[in-house]
Protein chains: 2
Amino acid sequence: MNPTIKDVAKHANVSIATVSRILNSTSAGYSEGTKKRVKAAIEELGYKPNAVARGLINNKTQTIGVLFPNVSGMVTSELLHGIENVTHQLGHSVIVCNTASQGKRTLDYLQLLNEKRVEGILFASEMLTDEYYEAIKDMKVPTVLVSTKSQKHLLPYVKVDDQDAAYTAASYLIEKGHRKIGMISGNPDDMIAGLPRIEGFQAALRDHGLLTEKPSVFSAEGFSYKEGMEMFKKLRQEGEDITAVFAASDEMAVGAIASAYKMNIAVPNDISIIGYDNIKISEMAIPPLTTVAQPLREMGEKAAELLFEMLKTGEDGQSIIMPHRIVERESVKEL
Amino acid sequence: MNPTIKDVAKHANVSIATVSRILNSTSAGYSEGTKKRVKAAIEELGYKPNAVARGLINNKTQTIGVLFPNVSGMVTSELLHGIENVTHQLGHSVIVCNTASQGKRTLDYLQLLNEKRVEGILFASEMLTDEYYEAIKDMKVPTVLVSTKSQKHLLPYVKVDDQDAAYTAASYLIEKGHRKIGMISGNPDDMIAGLPRIEGFQAALRDHGLLTEKPSVFSAEGFSYKEGMEMFKKLRQEGEDITAVFAASDEMAVGAIASAYKMNIAVPNDISIIGYDNIKISEMAIPPLTTVAQPLREMGEKAAELLFEMLKTGEDGQSIIMPHRIVERESVKEL
DNA sequence: TTGAAAGCGATACCAT
DNA sequence: ATGGTATCGCTTTCAA
């Protein structure tokens with residue numbers, strides 16, 4: 001077995017109370033001499049404090065839980081990276097939960113995190129259902145939403161304003177001289193990343209007097225590469241005169257590029273494409289993809305910081321709207 | 001505060017011992033009647049067992065630690081996905097640690113995981129230094145290496161045979177009629193993913209009587225897209241007659257494709273390219289990348305399974321060589 | 001400056 | 001079938 005504080009105490013000829021004080025560098029409570037002896041004993045025995053026991057008595061586990069659909073997505077892995085960074089910097093650990101894995105495990109995960117007594121929760125990029133909210137509320141630990149939000153339940157969130165960002169993307173296309181612009185979107189029933197982006201897109205067209213009665217928006221179920229390909233094909237069938245398209249995700253945009261390539265239509269010469277996210281593949285596309293960047297890594301960091309802020313102050317936490325920006329590469333041509 | 005087992009006991013008019021028995025469905029030790037009463041009390045109070053307290057007495061935290069360099073890489077996130085899957089299925093949690101994040105934190109992480117008393121460790125895709133090994137050994141918990149190995153320290157590992165896989169890739173090119181073949185590799189000092197792939201490549205050439213005195217291997221520091229671009233340029237400068245190239249990673253391969261595109265040389269018509277990994281971008285490349293696939297997700301799963309096997313049996317664990325296979329897409333032309 | 005002892009929330013052994 | 005209690009490894013009064 002691992003040596004315990006008792007062993008150290010015995011070895012140094014002091015009480016466990018004293019060892020504890022030294023371990024926690026409690027202000028005074030021991031002399032320099034004993035401190036040395038104890039430190040020596042710790043060293044010699046290779047003693048490592050037991051965080052579990054500590055957690056029990058302090059009611060603090062120094063651990064937070066992070067809930068993600070698909071851990072392996074490029075968006076989420078960037079978020080995770082940011083989260084992990086500041087979390088560990090602050091001496092805590094992160095337990096990851098992949099909610100989309102198999103069936104509706106989200107509730108099970110929440111239960112698990114509750115039993116493990118995590119000190120906080122980061123809930124990422126999935127719709128927060130009433131059910132989830134109740135479970136979270138029951139846990140009575142600070143929670144922040146990452147890259148998602150809920151108007152019904154007021155939990156603080158960290159995300160970019162999807163509608164604004166989409167508006168920016170469409171406006172960018174318009175500035176570049178495009179007049180017939182189409183969109184490849186995710187699910188319009190998705191109130192987080194679906195509808196808002198469509199609305200932002202349409203708002204930009206409207207504000208520039210470009211909104212026709214039948215706006216060319218092609219919606220898929222998700223945001224995948226494959227769906228990007230399909231929707232691009234449809235869009236192209238519907239109207240040959242479209243000179244630019246806004247894709248609701250970089251994956252979709254890359255799919256659109258691939259689709260265009262197959263149909264022998266050149267990007268950006270025949271048609272311009274702008275994406276959304278700015279994940280790694282966007283610079284690897286041919287041509288490199290112009291896109292609306294979300295500062296994913298930083299969003300993860302900010303979310304974690306906010307969570308720990310709440311943990312420290314006990315206050316409610318202010319949502320943070322992260323800035324988005326256009327990253328110009330080579331998939332959009334000026335008309 | 002959360003209700004404790006004591007509260008439940010009081011509420012149901014039984015002792016905590018009985019509640020505990022019911023909680024753990026210990027074979028008998030209580031009547032159906034009391035069981036009902038206790039269950040009701042639990043329900044009513046919203047009691048959730050405290051895993052920390054359990055962990056203290058059982059010396060079992062139901063948690064494992066996973067060490068990764070760059071959590072956000074596409075290779076690692078696939079591995080993580082597989083790991084998370086089976087780990088949670090088995091009722092455990094995973095704490096992720098991003099070792100490359102800032103400086104040499106690996107040792108700190110190990111220390112942290114030790115204090116948190118994780119029951120096992122998955123160490124991924126980084127060289128296992130003596131230092132790390134010692135720290136791990138001190139923890140006395142089962143450990144398995146994922147996508148890496150160590151010949152010095154015998155810890156079980158789960159990975160594909162890099163040399164074999166590289167051999168397969170080169171052979172594939174040769175079968176397709178290529179005779180002048182180049183390679184874009186990672187760091188030859190990397191004994192895991194660097195050298196073995198180079199050696200496998202060369203072995204294939206040799207076995208087919210194609211090994212010239214100056215084999216065209218261009219080595220970078222890492223396996224990045226950018227380095228793929230650079231190395232392709234160099235390779236092209238050195239010899240215009242090369243008809244096919246084997247890239248040591250998909251990212252590099254895609255970089256090579258981009259580089260080729262810029263130099264106006266067509267893939268696969270002017271030059272064929274085969275990658276390594278089969279991550280998501282390989283199907284999204286233009287043209288879609290033919291590559292040697294590592295079953296990443298499954299490797300994560302197998303590694304976790306192996307770890308839990310060791311946990312259960314207390315035995316030493318057998319390394320697993322995962323199968324690789326060629327995924328044919330469109331970046332290689334038959335000559 | 002130091003130590004004894006009371007918990008933290010569970011489990012499990014020993015009685016009854 | 002049940003309850004009392006020691007115990008897990010540690011922190012933190014309270015006394016000395």
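Chain letters run A, B, ... following the sequence lines, proteins first, then strands; residues in each count from 1.
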Could you tell me how far apart [X] ([atom1]) and [N] ([atom2]) are, to the nearest whole angstrom?
| X | N | atom1 | atom2 | answer |
| --- | --- | --- | --- | --- |
| A:Asn24 | D:dC10 | CG | P | 11 Å |
| A:Ile22 | D:dT12 | CD1 | P | 15 Å |
| A:Tyr30 | D:dT12 | OH | C1' | 15 Å |
| B:Lys6 | D:dG4 | NZ | C1' | 13 Å |
| A:Glu32 | C:dT2 | CD | P | 10 Å |
| A:Met1 | D:dC8 | CE | P | 10 Å |
| A:Asp7 | D:dC10 | CG | C1' | 13 Å |
| A:Ile42 | D:dC10 | CD1 | P | 10 Å |

Task: Five-pair end axes of the helix from C:dT1-D:dA16 to C:dT16-D:dA1, angle between them (10°) - done: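 Taking the rotation axis at each end, their angle is 40°.
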Could you pull out all residues at least two apart from A:Thr18 that satisfy side chain to side chain donor-acceptor pair (under 3.5 Å)?
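Testing A:Thr18 for side chain to side chain donor-acceptor pair (under 3.5 Å), a comparison that skips the adjacent residues, returns A:Ser15.
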* To do: For A:Ser31, enumerate each residue passing the side chain to side chain donor-acceptor pair (under 3.5 Å) test, keeping only those at least two apart in sequence or located in another chain.
  =>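 Testing A:Ser31 for side chain to side chain donor-acceptor pair (under 3.5 Å), a comparison that skips the adjacent residues, returns A:Thr34.
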Side chains of A:Asn98 and B:His88: any donor to acceptor distance under 3.5 Å?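 Looking only at side-chain atoms, A:Asn98 and B:His88 do not form any donor-acceptor pair under 3.5 Å.
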Name every residue in residues 110-120 of chain A that has at least one heavy atom under 4.0 Å from any atom of DNA chain C, in order of residue number, or write none if there are no such residues.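 Hits under 4.0 Å, by residue number: none.
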The test is salt bridge (charged side-chain N to carboxylate O under 4.0 Å, His left out); show your working for A:Lys48 and B:Asp138 and say whether it passes. CA-CA 10 Å; A:Lys48 299 280 179 276; B:Asp138 280 356; over 6 Å; no
Going by number, which of residues 11-20 of chain B have a non-hydrogen atom under 4.0 Å from DNA chain D?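 Contacting residues: B:Asn13, B:Val14, B:Ser15, B:Ile16, B:Ala17, B:Thr18.
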Practice prompt. Return the residues of residues 43-61 of chain B meeting this criterion: a heavy atom under 4.0 Å from some atom of DNA chain D. Order them by number, or give none.
Written response: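 Those residues whose heavy atoms fall under 4.0 Å from DNA chain D, taken from residues 43-61 of chain B in numerical order, are B:Leu56, B:Ile57.
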Please identify which of these residues, A:Ile16, A:Ile5, A:Val38, meets the side chain to side chain contact (heavy atoms under 4.5 Å, CB included) condition with A:Leu23.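 The single option meeting the side chain to side chain contact (heavy atoms under 4.5 Å, CB included) with A:Leu23 is A:Ile5.
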- Message: Please identify which of these residues, B:Val52, B:Thr61, B:Thr63, B:Asn50, meets the side chain to side chain contact (heavy atoms under 4.5 Å, CB included) condition with A:Lys116.
- Response: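 Of the listed residues B:Val52, B:Thr61, B:Thr63, B:Asn50, the side chain to side chain contact (heavy atoms under 4.5 Å, CB included) partner of A:Lys116 is B:Thr63.
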Provide the closest heavy-atom pair for B:Val66 versus B:Phe68 in the form atom of the first, atom of the second, distance.
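Closest approach of B:Val66 to B:Phe68, heavy atoms only: CG1-CE1, 3.3 Å.
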Taking only side-chain N and O atoms of [X], does any of them lie within less than 4.0 angstrom of OP1 or OP2 on [N]?
| X | N | answer |
| --- | --- | --- |
| B:Ser31 | D:dT2 | yes |
| A:Thr34 | C:dT1 | no |
| B:Thr4 | C:dC8 | no |

Would you mind checking if A:Glu78 and A:Arg297 are paired as a salt bridge, meaning a charged N to carboxylate O distance below 4.0 Å?
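Yes, this pair counts.
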Practice task
Would you mind checking if A:Arg105 and B:Glu84 are paired as a salt bridge, meaning a charged N to carboxylate O distance below 4.0 Å?
Solution key: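 Yes, this pair counts.
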Note to self: Ring-plane angle category for B:Phe123 and B:Tyr132, please: parallel below 30°, perpendicular beyond 60°, tilted otherwise.
What the structure shows: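 The rings of B:Phe123 and B:Tyr132 sit tilted, inter-plane angle from 30° to 60°.
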Can you list the steps and then say if A:Tyr157 with A:Ile192 is a side chain to side chain contact (heavy atoms under 4.5 Å, CB included)?
-> CA-CA 12 Å; A:Tyr157 55 83; A:Ile192 308 299; over 6 Å; no
query: Taking the side chain from B:Thr143 and the backbone from B:Val141, do they hold a donor-acceptor pair closer than 3.5 Å?
result: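 Such a contact is found between B:Thr143 side chain and B:Val141 backbone.
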Between A:Glu119 and A:Gln62, is there a donor-acceptor pair closer than 3.5 Å when you use the side chain of the first and the backbone of the second?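 Indeed, once roles are kept as given, a pair shorter than 3.5 Å links the two residues.
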(message) Run the side-chain hydrogen bond (donor to acceptor under 3.5 Å, both in side chains) test on A:Lys159 and A:Thr148 for me, step by step, so that the C-alpha distance in whole Å, both residues' side-chain angles and the decisive distance to 0.1 Å come before the verdict.
(response) CA-CA 7 Å; A:Lys159 68 189 288 294; A:Thr148 184; over 6 Å; no
